[in-house]
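Right, one structure below, let's go through it.
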Number of protein chains: 2
Amino acid sequence: MTAPERSLRADARRNREAVLDAAAELFAQRGDAVQMDEIAERAGLGVGTLYRHFADKRALLAAIIGRRFEAITDLARAADEAQDPWVAFETLLYGYLESAEADAAFRFALLGPEEPSWNDIAAEKTDFSEITERIVRRAVDAGRLREDFRADDFVLITRGAMANMTGAGAWRRYVTLVLEGIRGPER
Amino acid sequence: MTAPERSLRADARRNREAVLDAAAELFAQRGDAVQMDEIAERAGLGVGTLYRHFADKRALLAAIIGRRFEAITDLARAADEAQDPWVAFETLLYGYLESAEADAAFRFALLGPEEPSWNDIAAEKTDFSEITERIVRRAVDAGRLREDFRADDFVLITRGAMANMTGAGAWRRYVTLVLEGIRGPER
DNA sequence: CTCTAACATGAACATGAACTCCGGTTCCGA
DNA sequence: TCGGAACCGGAGTTCATGTTCATGTTAGAG
(Lines give C-alpha, C1' and ligand atoms only; values in the text may rest on other atoms or scores of the structure.)
Protein backbone atom coordinates (compact mmCIF):
# COMPACT_ATOMS: atom_id res chain seq x y z
CA MET A 1 0.00 0.00 0.00
CA THR A 2 2.71 2.42 0.95
CA ALA A 3 4.73 2.63 -2.20
CA PRO A 4 6.24 1.37 -5.38
CA GLU A 5 9.42 3.33 -4.71
CA ARG A 6 11.25 2.32 -7.87
CA SER A 7 10.52 3.09 -11.49
CA LEU A 8 8.62 6.30 -10.96
CA ARG A 9 9.31 9.17 -13.24
CA ALA A 10 11.51 11.76 -11.55
CA ASP A 11 8.76 14.36 -11.23
CA ALA A 12 6.38 11.77 -9.92
CA ARG A 13 8.73 10.70 -7.17
CA ARG A 14 9.38 14.30 -6.22
CA ASN A 15 5.68 15.04 -6.02
CA ARG A 16 5.04 11.94 -4.01
CA GLU A 17 7.52 13.13 -1.41
CA ALA A 18 5.95 16.57 -1.42
CA VAL A 19 2.55 15.06 -0.72
CA LEU A 20 3.91 12.90 2.06
CA ASP A 21 5.70 15.83 3.68
CA ALA A 22 2.74 18.17 3.45
CA ALA A 23 0.37 15.52 4.75
CA ALA A 24 2.67 14.59 7.61
CA GLU A 25 2.88 18.14 8.80
CA LEU A 26 -0.81 18.94 8.51
CA PHE A 27 -2.02 15.63 9.92
CA ALA A 28 0.40 16.02 12.80
CA GLN A 29 -1.08 19.39 13.61
CA ARG A 30 -4.75 18.70 13.22
CA GLY A 31 -5.25 15.00 12.75
CA ASP A 32 -7.98 13.67 10.54
CA ALA A 33 -9.62 17.07 10.22
CA VAL A 34 -7.42 18.36 7.42
CA GLN A 35 -8.89 18.33 3.94
CA MET A 36 -7.38 16.88 0.83
CA ASP A 37 -7.49 20.28 -0.84
CA GLU A 38 -5.38 21.75 1.91
CA ILE A 39 -2.76 19.07 1.60
CA ALA A 40 -2.64 19.57 -2.14
CA GLU A 41 -2.22 23.29 -1.78
CA ARG A 42 0.47 22.96 0.85
CA ALA A 43 2.32 20.58 -1.45
CA GLY A 44 1.93 22.97 -4.34
CA LEU A 45 -0.03 20.42 -6.35
CA GLY A 46 -3.55 19.71 -7.54
CA VAL A 47 -5.81 17.29 -5.72
CA GLY A 48 -5.73 14.98 -8.67
CA THR A 49 -2.07 14.34 -8.03
CA LEU A 50 -2.80 13.19 -4.50
CA TYR A 51 -5.18 10.63 -5.87
CA ARG A 52 -2.64 9.48 -8.43
CA HIS A 53 -0.39 8.44 -5.55
CA PHE A 54 -2.86 7.35 -2.91
CA ALA A 55 -6.15 5.58 -3.48
CA ASP A 56 -7.99 7.71 -0.94
CA LYS A 57 -7.57 9.77 2.19
CA ARG A 58 -7.37 6.71 4.37
CA ALA A 59 -4.47 5.33 2.38
CA LEU A 60 -2.60 8.59 2.70
CA LEU A 61 -3.19 8.67 6.42
CA ALA A 62 -2.08 5.07 6.68
CA ALA A 63 1.16 5.90 4.91
CA ILE A 64 1.83 8.69 7.36
CA ILE A 65 1.04 6.55 10.36
CA GLY A 66 3.26 3.82 9.01
CA ARG A 67 6.10 6.28 8.73
CA ARG A 68 5.66 7.33 12.33
CA PHE A 69 5.65 3.73 13.45
CA GLU A 70 8.96 3.19 11.74
CA ALA A 71 10.43 6.20 13.51
CA ILE A 72 9.09 4.97 16.82
CA THR A 73 10.46 1.52 16.20
CA ASP A 74 13.93 3.00 15.76
CA LEU A 75 13.39 4.86 18.96
CA ALA A 76 12.46 1.64 20.75
CA ARG A 77 15.54 -0.11 19.41
CA ALA A 78 17.68 2.70 20.77
CA ALA A 79 15.99 2.45 24.15
CA ASP A 80 16.72 -1.26 24.25
CA GLU A 81 20.43 -0.48 24.05
CA ALA A 82 20.46 0.91 27.57
CA GLN A 83 22.02 -1.46 30.12
CA ASP A 84 19.75 -0.42 32.96
CA PRO A 85 16.35 -2.02 32.34
CA TRP A 86 14.52 0.80 34.05
CA VAL A 87 16.28 3.40 31.96
CA ALA A 88 15.34 1.42 28.88
CA PHE A 89 11.73 1.34 29.96
CA GLU A 90 11.54 5.01 30.80
CA THR A 91 13.28 5.98 27.60
CA LEU A 92 10.81 3.94 25.62
CA LEU A 93 7.82 5.34 27.45
CA TYR A 94 8.78 8.97 27.22
CA GLY A 95 10.05 8.67 23.69
CA TYR A 96 6.82 7.12 22.59
CA LEU A 97 4.70 9.69 24.35
CA GLU A 98 6.71 12.64 23.13
CA SER A 99 6.23 11.41 19.60
CA ALA A 100 2.53 11.09 20.23
CA GLU A 101 2.45 14.57 21.66
CA ALA A 102 3.91 15.92 18.46
CA ASP A 103 1.56 14.07 16.15
CA ALA A 104 -2.19 14.36 16.34
CA ALA A 105 -2.68 11.93 13.49
CA PHE A 106 -0.80 9.28 15.38
CA ARG A 107 -2.91 9.81 18.48
CA PHE A 108 -6.00 9.79 16.34
CA ALA A 109 -5.06 6.46 14.87
CA LEU A 110 -4.40 4.89 18.25
CA LEU A 111 -7.21 6.41 20.25
CA GLY A 112 -9.95 6.49 17.64
CA PRO A 113 -12.76 3.97 17.60
CA GLU A 114 -11.53 2.36 14.42
CA GLU A 115 -8.12 1.57 15.79
CA PRO A 116 -8.41 -2.13 14.92
CA SER A 117 -8.87 -1.36 11.24
CA TRP A 118 -5.46 0.27 11.06
CA ASN A 119 -3.96 -3.12 10.57
CA ASP A 120 -2.91 -1.90 7.17
CA ILE A 121 0.17 -0.91 9.08
CA ALA A 122 0.51 -4.23 10.89
CA ALA A 123 4.05 -4.74 9.68
CA GLU A 124 5.47 -1.63 11.27
CA LYS A 125 3.40 -2.11 14.37
CA THR A 126 4.40 -5.67 15.12
CA ASP A 127 8.08 -4.81 14.97
CA PHE A 128 7.50 -2.18 17.59
CA SER A 129 5.44 -4.51 19.76
CA GLU A 130 8.18 -7.08 19.77
CA ILE A 131 10.76 -4.67 21.08
CA THR A 132 8.36 -3.31 23.65
CA GLU A 133 7.75 -6.79 24.93
CA ARG A 134 11.45 -7.39 25.32
CA ILE A 135 12.00 -4.16 27.21
CA VAL A 136 9.09 -4.84 29.52
CA ARG A 137 10.34 -8.33 30.25
CA ARG A 138 13.80 -7.04 31.09
CA ALA A 139 12.36 -4.53 33.56
CA VAL A 140 10.11 -7.12 35.15
CA ASP A 141 12.92 -9.65 35.49
CA ALA A 142 15.07 -7.05 37.17
CA GLY A 143 12.30 -6.34 39.67
CA ARG A 144 11.92 -2.79 38.45
CA LEU A 145 8.39 -3.31 37.19
CA ARG A 146 5.75 -5.10 39.21
CA GLU A 147 5.80 -8.80 38.57
CA ASP A 148 2.45 -9.00 36.82
CA PHE A 149 3.19 -6.19 34.37
CA ARG A 150 2.58 -7.12 30.76
CA ALA A 151 3.12 -5.44 27.41
CA ASP A 152 -0.63 -4.93 27.21
CA ASP A 153 -0.37 -2.72 30.24
CA PHE A 154 2.05 -0.55 28.36
CA VAL A 155 -0.71 0.05 25.85
CA LEU A 156 -3.18 0.93 28.57
CA ILE A 157 -0.90 3.46 30.18
CA THR A 158 0.05 4.89 26.89
CA ARG A 159 -3.52 5.35 25.77
CA GLY A 160 -4.29 7.01 29.06
CA ALA A 161 -1.49 9.48 28.59
CA MET A 162 -2.51 10.31 25.06
CA ALA A 163 -6.02 11.05 26.25
CA ASN A 164 -4.49 13.71 28.45
CA MET A 165 -2.67 15.49 25.68
CA THR A 166 -4.95 18.47 25.40
CA GLY A 167 -3.23 21.76 25.96
CA ALA A 168 -0.48 21.87 28.55
CA GLY A 169 1.82 19.04 29.56
CA ALA A 170 -0.72 17.48 31.90
CA TRP A 171 0.25 14.05 30.66
CA ARG A 172 3.61 14.28 32.40
CA ARG A 173 1.95 14.64 35.76
CA TYR A 174 -0.20 11.69 34.78
CA VAL A 175 2.80 9.54 33.96
CA THR A 176 4.40 10.45 37.25
CA LEU A 177 1.38 9.13 39.09
CA VAL A 178 1.17 5.97 37.06
CA LEU A 179 4.84 5.11 37.32
CA GLU A 180 4.41 5.00 41.06
CA GLY A 181 1.77 2.33 40.59
CA ILE A 182 3.70 0.03 38.34
CA ARG A 183 7.07 0.01 40.07
CA GLY A 184 8.45 -3.23 41.40
CA PRO A 185 10.25 -3.93 44.71
CA GLU A 186 13.74 -2.98 43.47
CA ARG A 187 14.67 0.67 43.07
CA MET B 1 -30.96 26.21 26.71
CA THR B 2 -32.21 22.98 28.16
CA ALA B 3 -35.89 23.59 28.65
CA PRO B 4 -38.94 25.66 29.34
CA GLU B 5 -40.58 22.80 31.22
CA ARG B 6 -43.80 24.61 32.01
CA SER B 7 -46.52 25.86 29.72
CA LEU B 8 -45.94 23.45 26.88
CA ARG B 9 -48.92 21.91 25.23
CA ALA B 10 -49.45 18.36 26.38
CA ASP B 11 -48.42 16.75 23.11
CA ALA B 12 -45.38 18.98 22.89
CA ARG B 13 -44.16 17.97 26.32
CA ARG B 14 -44.73 14.32 25.54
CA ASN B 15 -42.79 14.60 22.31
CA ARG B 16 -39.98 16.46 23.98
CA GLU B 17 -39.57 13.59 26.40
CA ALA B 18 -39.68 11.11 23.55
CA VAL B 19 -36.88 12.97 21.79
CA LEU B 20 -34.80 13.13 24.93
CA ASP B 21 -35.25 9.44 25.62
CA ALA B 22 -34.49 8.36 22.07
CA ALA B 23 -31.47 10.62 21.88
CA ALA B 24 -30.15 9.47 25.24
CA GLU B 25 -30.28 5.84 24.20
CA LEU B 26 -28.77 6.31 20.76
CA PHE B 27 -26.09 8.75 21.85
CA ALA B 28 -25.17 6.44 24.70
CA GLN B 29 -24.65 3.62 22.25
CA ARG B 30 -22.85 5.37 19.45
CA GLY B 31 -21.92 8.83 20.59
CA ASP B 32 -21.89 11.73 18.20
CA ALA B 33 -22.20 9.45 15.19
CA VAL B 34 -25.97 9.07 15.31
CA GLN B 35 -27.97 11.12 12.85
CA MET B 36 -30.85 13.38 13.59
CA ASP B 37 -33.07 11.34 11.28
CA GLU B 38 -32.38 8.23 13.31
CA ILE B 39 -33.29 9.93 16.54
CA ALA B 40 -36.49 11.21 15.01
CA GLU B 41 -37.44 7.79 13.75
CA ARG B 42 -36.66 6.13 17.05
CA ALA B 43 -38.84 8.70 18.80
CA GLY B 44 -41.59 8.12 16.27
CA LEU B 45 -41.47 11.74 15.13
CA GLY B 46 -40.35 13.85 12.19
CA VAL B 47 -37.02 15.65 12.18
CA GLY B 48 -38.85 18.95 12.21
CA THR B 49 -40.06 18.21 15.69
CA LEU B 50 -36.52 17.72 16.93
CA TYR B 51 -35.64 21.14 15.67
CA ARG B 52 -38.70 22.66 17.27
CA HIS B 53 -37.37 21.60 20.65
CA PHE B 54 -33.63 21.94 20.18
CA ALA B 55 -31.84 24.56 18.15
CA ASP B 56 -29.41 22.08 16.65
CA LYS B 57 -27.70 18.77 17.21
CA ARG B 58 -25.24 20.29 19.63
CA ALA B 59 -28.00 21.61 21.82
CA LEU B 60 -29.63 18.22 21.94
CA LEU B 61 -26.36 16.57 22.83
CA ALA B 62 -25.76 19.19 25.50
CA ALA B 63 -29.13 18.45 27.04
CA ILE B 64 -28.28 14.77 27.21
CA ILE B 65 -24.86 15.41 28.68
CA GLY B 66 -26.36 17.73 31.24
CA ARG B 67 -28.77 15.02 32.28
CA ARG B 68 -25.91 12.57 32.76
CA PHE B 69 -24.01 15.08 34.84
CA GLU B 70 -26.98 15.44 37.14
CA ALA B 71 -27.13 11.70 37.58
CA ILE B 72 -23.44 11.55 38.29
CA THR B 73 -23.68 14.37 40.75
CA ASP B 74 -26.26 12.39 42.71
CA LEU B 75 -23.89 9.49 42.58
CA ALA B 76 -21.09 11.63 43.97
CA ARG B 77 -23.30 12.87 46.77
CA ALA B 78 -24.10 9.30 47.70
CA ALA B 79 -20.41 8.40 47.70
CA ASP B 80 -19.69 11.29 50.02
CA GLU B 81 -22.01 9.71 52.61
CA ALA B 82 -19.57 6.91 53.28
CA GLN B 83 -17.67 7.28 56.57
CA ASP B 84 -14.48 5.73 55.30
CA PRO B 85 -12.74 8.28 53.06
CA TRP B 86 -11.19 5.61 50.93
CA VAL B 87 -14.51 3.90 50.37
CA ALA B 88 -15.97 7.25 49.40
CA PHE B 89 -13.19 7.80 46.90
CA GLU B 90 -13.42 4.37 45.37
CA THR B 91 -17.16 4.56 45.15
CA LEU B 92 -16.93 7.87 43.36
CA LEU B 93 -14.27 6.67 40.98
CA TYR B 94 -15.94 3.44 39.99
CA GLY B 95 -19.39 4.98 39.87
CA TYR B 96 -18.15 7.68 37.57
CA LEU B 97 -16.34 5.27 35.32
CA GLU B 98 -19.17 2.80 35.13
CA SER B 99 -21.44 5.60 34.03
CA ALA B 100 -18.93 6.60 31.41
CA GLU B 101 -18.66 3.02 30.26
CA ALA B 102 -22.40 2.96 29.65
CA ASP B 103 -22.54 6.23 27.76
CA ALA B 104 -20.48 6.92 24.67
CA ALA B 105 -21.86 10.43 24.36
CA PHE B 106 -20.59 11.27 27.81
CA ARG B 107 -17.15 9.97 26.97
CA PHE B 108 -17.22 11.83 23.70
CA ALA B 109 -18.01 15.06 25.49
CA LEU B 110 -15.19 14.63 27.97
CA LEU B 111 -12.53 13.20 25.72
CA GLY B 112 -13.22 15.05 22.51
CA PRO B 113 -11.08 17.95 21.37
CA GLU B 114 -13.84 20.47 21.96
CA GLU B 115 -14.28 19.54 25.59
CA PRO B 116 -13.82 23.14 26.77
CA SER B 117 -16.73 24.34 24.70
CA TRP B 118 -19.14 22.15 26.61
CA ASN B 119 -19.41 24.82 29.18
CA ASP B 120 -23.06 25.06 28.23
CA ILE B 121 -23.37 22.52 30.98
CA ALA B 122 -21.20 24.39 33.44
CA ALA B 123 -23.88 24.40 36.10
CA GLU B 124 -24.18 20.65 36.37
CA LYS B 125 -20.47 20.21 36.06
CA THR B 126 -19.41 22.60 38.80
CA ASP B 127 -21.70 20.93 41.31
CA PHE B 128 -19.99 17.67 40.58
CA SER B 129 -16.53 19.18 40.78
CA GLU B 130 -17.24 20.59 44.20
CA ILE B 131 -18.19 17.25 45.65
CA THR B 132 -15.24 15.58 44.02
CA GLU B 133 -12.93 18.09 45.58
CA ARG B 134 -14.40 17.40 49.01
CA ILE B 135 -14.04 13.65 48.66
CA VAL B 136 -10.47 13.95 47.45
CA ARG B 137 -9.56 16.20 50.34
CA ARG B 138 -11.03 13.80 52.86
CA ALA B 139 -9.00 10.93 51.44
CA VAL B 140 -5.82 12.98 51.40
CA ASP B 141 -6.33 14.20 54.97
CA ALA B 142 -6.80 10.64 56.10
CA GLY B 143 -3.55 9.63 54.44
CA ARG B 144 -5.32 7.30 52.04
CA LEU B 145 -4.34 9.29 48.98
CA ARG B 146 -0.83 10.59 48.43
CA GLU B 147 -0.36 13.98 49.95
CA ASP B 148 0.02 15.89 46.70
CA PHE B 149 -3.10 14.45 45.09
CA ARG B 150 -5.46 17.07 43.71
CA ALA B 151 -8.89 17.05 42.15
CA ASP B 152 -7.24 17.74 38.80
CA ASP B 153 -5.53 14.40 39.11
CA PHE B 154 -8.91 12.78 39.37
CA VAL B 155 -9.67 14.19 35.96
CA LEU B 156 -6.42 12.87 34.55
CA ILE B 157 -7.00 9.37 35.81
CA THR B 158 -10.55 9.41 34.71
CA ARG B 159 -9.72 10.52 31.22
CA GLY B 160 -7.11 7.82 31.01
CA ALA B 161 -9.62 5.18 31.97
CA MET B 162 -12.18 6.39 29.46
CA ALA B 163 -9.59 6.19 26.71
CA ASN B 164 -9.33 2.50 27.53
CA MET B 165 -13.01 1.78 27.17
CA THR B 166 -12.85 0.03 23.86
CA GLY B 167 -14.20 -3.47 23.92
CA ALA B 168 -13.59 -5.51 27.05
CA GLY B 169 -13.19 -4.22 30.57
CA ALA B 170 -9.56 -3.31 30.09
CA TRP B 171 -10.12 -0.10 32.01
CA ARG B 172 -10.52 -2.03 35.26
CA ARG B 173 -7.05 -3.43 34.97
CA TYR B 174 -5.90 0.10 34.23
CA VAL B 175 -7.54 1.47 37.36
CA THR B 176 -5.96 -1.26 39.43
CA LEU B 177 -2.54 -0.17 38.27
CA VAL B 178 -3.20 3.50 38.82
CA LEU B 179 -4.67 3.10 42.27
CA GLU B 180 -1.40 1.60 43.34
CA GLY B 181 0.33 4.77 42.28
CA ILE B 182 -1.88 7.24 44.08
CA ARG B 183 -2.22 5.53 47.42
CA GLY B 184 -0.97 7.26 50.52
CA PRO B 185 0.95 5.84 53.49
CA GLU B 186 -2.11 4.66 55.45
CA ARG B 187 -3.93 1.49 54.33
C1' DC C 1 14.91 16.17 -31.68
C1' DT C 2 10.65 13.63 -31.45
C1' DC C 3 7.18 11.11 -29.89
C1' DT C 4 4.41 9.02 -26.47
C1' DA C 5 3.30 7.03 -22.18
C1' DA C 6 3.26 8.78 -17.86
C1' DC C 7 1.94 12.43 -15.25
C1' DA C 8 -0.62 16.76 -13.45
C1' DT C 9 -4.59 19.69 -13.13
C1' DG C 10 -8.80 21.49 -10.99
C1' DA C 11 -13.54 22.31 -12.17
C1' DA C 12 -17.22 19.31 -11.88
C1' DC C 13 -19.47 15.57 -9.59
C1' DA C 14 -21.14 12.50 -5.82
C1' DT C 15 -22.33 11.87 -1.27
C1' DG C 16 -24.10 12.41 3.09
C1' DA C 17 -25.87 14.68 6.84
C1' DA C 18 -27.62 18.87 9.21
C1' DC C 19 -31.26 21.86 8.88
C1' DT C 20 -35.60 24.54 6.79
C1' DC C 21 -40.27 25.39 5.53
C1' DC C 22 -44.94 25.41 4.86
C1' DG C 23 -49.22 22.74 4.29
C1' DG C 24 -51.68 19.96 7.33
C1' DT C 25 -53.03 18.50 12.12
C1' DT C 26 -54.06 18.78 17.04
C1' DC C 27 -54.82 20.70 21.46
C1' DC C 28 -57.45 23.52 24.48
C1' DG C 29 -59.84 27.65 26.31
C1' DA C 30 -64.18 29.80 25.88
C1' DT D 1 -68.70 22.91 19.49
C1' DC D 2 -65.51 26.02 17.43
C1' DG D 3 -61.51 29.08 16.26
C1' DG D 4 -56.99 29.72 16.04
C1' DA D 5 -52.54 29.32 18.08
C1' DA D 6 -49.31 25.87 18.75
C1' DC D 7 -47.47 22.03 16.95
C1' DC D 8 -46.01 18.23 13.56
C1' DG D 9 -44.13 15.94 9.28
C1' DG D 10 -40.83 14.90 6.02
C1' DA D 11 -39.55 16.10 1.31
C1' DG D 12 -36.39 19.30 -0.19
C1' DT D 13 -32.46 22.71 0.49
C1' DT D 14 -27.86 23.72 1.73
C1' DC D 15 -23.34 23.08 2.71
C1' DA D 16 -19.06 20.73 3.25
C1' DT D 17 -15.77 17.27 1.47
C1' DG D 18 -14.03 13.37 -0.71
C1' DT D 19 -13.35 11.75 -5.37
C1' DT D 20 -13.29 11.62 -10.62
C1' DC D 21 -12.04 12.51 -15.38
C1' DA D 22 -11.40 15.07 -19.68
C1' DT D 23 -7.86 17.97 -21.04
C1' DG D 24 -3.26 19.80 -21.07
C1' DT D 25 1.79 19.05 -19.88
C1' DT D 26 6.36 16.77 -19.48
C1' DA D 27 10.08 13.37 -18.78
C1' DG D 28 13.06 10.66 -20.96
C1' DA D 29 13.94 6.59 -24.21
C1' DG D 30 15.22 5.99 -28.90
Of all the choices, [options], which nucleotide is nearest to the side chain of [X] once you look at every atom?
X       : options                : value
B:Leu8  : C:dC7, C:dC19, D:dC7   : D:dC7
B:Thr49 : D:dT19, C:dC27, D:dG9  : D:dG9
B:Ala10 : D:dC8, C:dC27, D:dT20  : C:dC27
B:Ala12 : D:dT19, C:dC19, D:dC7  : D:dC7
B:Asp11 : C:dC7, D:dC7, C:dA11   : D:dC7
B:Arg14 : D:dT20, C:dC27, C:dC19 : C:dC27

For B:Gly48 and for B:Lys57, find the nucleotide of DNA chain C with the closest heavy atom, then tell me which residue's nucleotide is more 5'.
B:Lys57

Closest-nucleotide ordering on DNA chain C, the 5'-leading residue of B:Arg52 and B:Asp37
B:Asp37

Looking only at side-chain N and O atoms, does A:Tyr51 come under 4.0 Å of OP1 or OP2 in D:dT20?
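No, no such contact exists.
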
Classify B:Leu50 by what it touches in the nucleic acid, base, sugar-phosphate, or nothing, heavy-atom distance under 4.0 Å.
nothing

Classify the nucleic acid contact of A:Val19 as base, sugar-phosphate or nothing, counting any heavy atom under 4.0 Å across all strands shown.
nothing

Within this structure, what is the [atom1]-to-[atom2] distance between [X] and [N], rounded to whole angstrom?
X       : N      : atom1 : atom2 : result
A:Glu41 : C:dG10 : CD    : P     : 11 Å
A:Asn15 : C:dA6  : CG    : P     : 17 Å
A:Glu38 : C:dG10 : CD    : C1'   : 17 Å
A:Leu61 : D:dG18 : CG    : C1'   : 13 Å
A:Glu17 : C:dA8  : CD    : P     : 13 Å
B:His53 : D:dC8  : NE2   : C1'   : 9 Å
A:Met36 : C:dA8  : CE    : C1'   : 15 Å
B:Gln35 : C:dA17 : CD    : P     : 4 Å

Decide if the gap between the ring center of B:Phe106 and the ring center of B:Phe27 is smaller than 6.0 angstrom.
no

5′-ward residue of the pair B:Arg9/B:Gly46 relative to DNA chain D
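First, find each residue's nearest nucleotide; the 5'-ward one identifies B:Arg9.
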
Would you find a donor on one side and an acceptor on the other, under 3.5 Å apart, between the side chain of B:Tyr174 and the backbone of B:Ile157?
yes

Inspect the surroundings of CD in B:Gln29 and state if more than 12 heavy atoms from other residues, nucleotides or ligands are less than 6.0 Å away.
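It does: B:Gln29 CD has more than 12 such atoms within range.
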
Students often mix this up, so state it plainly: with edges at 30° and 60°, are the rings of A:Phe154 and A:Phe128 parallel, tilted or perpendicular?
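The rings of A:Phe154 and A:Phe128 sit tilted, inter-plane angle from 30° to 60°.
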
If the threshold is 4.0 Å, N to carboxylate O, is there a salt bridge linking B:Arg67 and B:Asp21?
yes

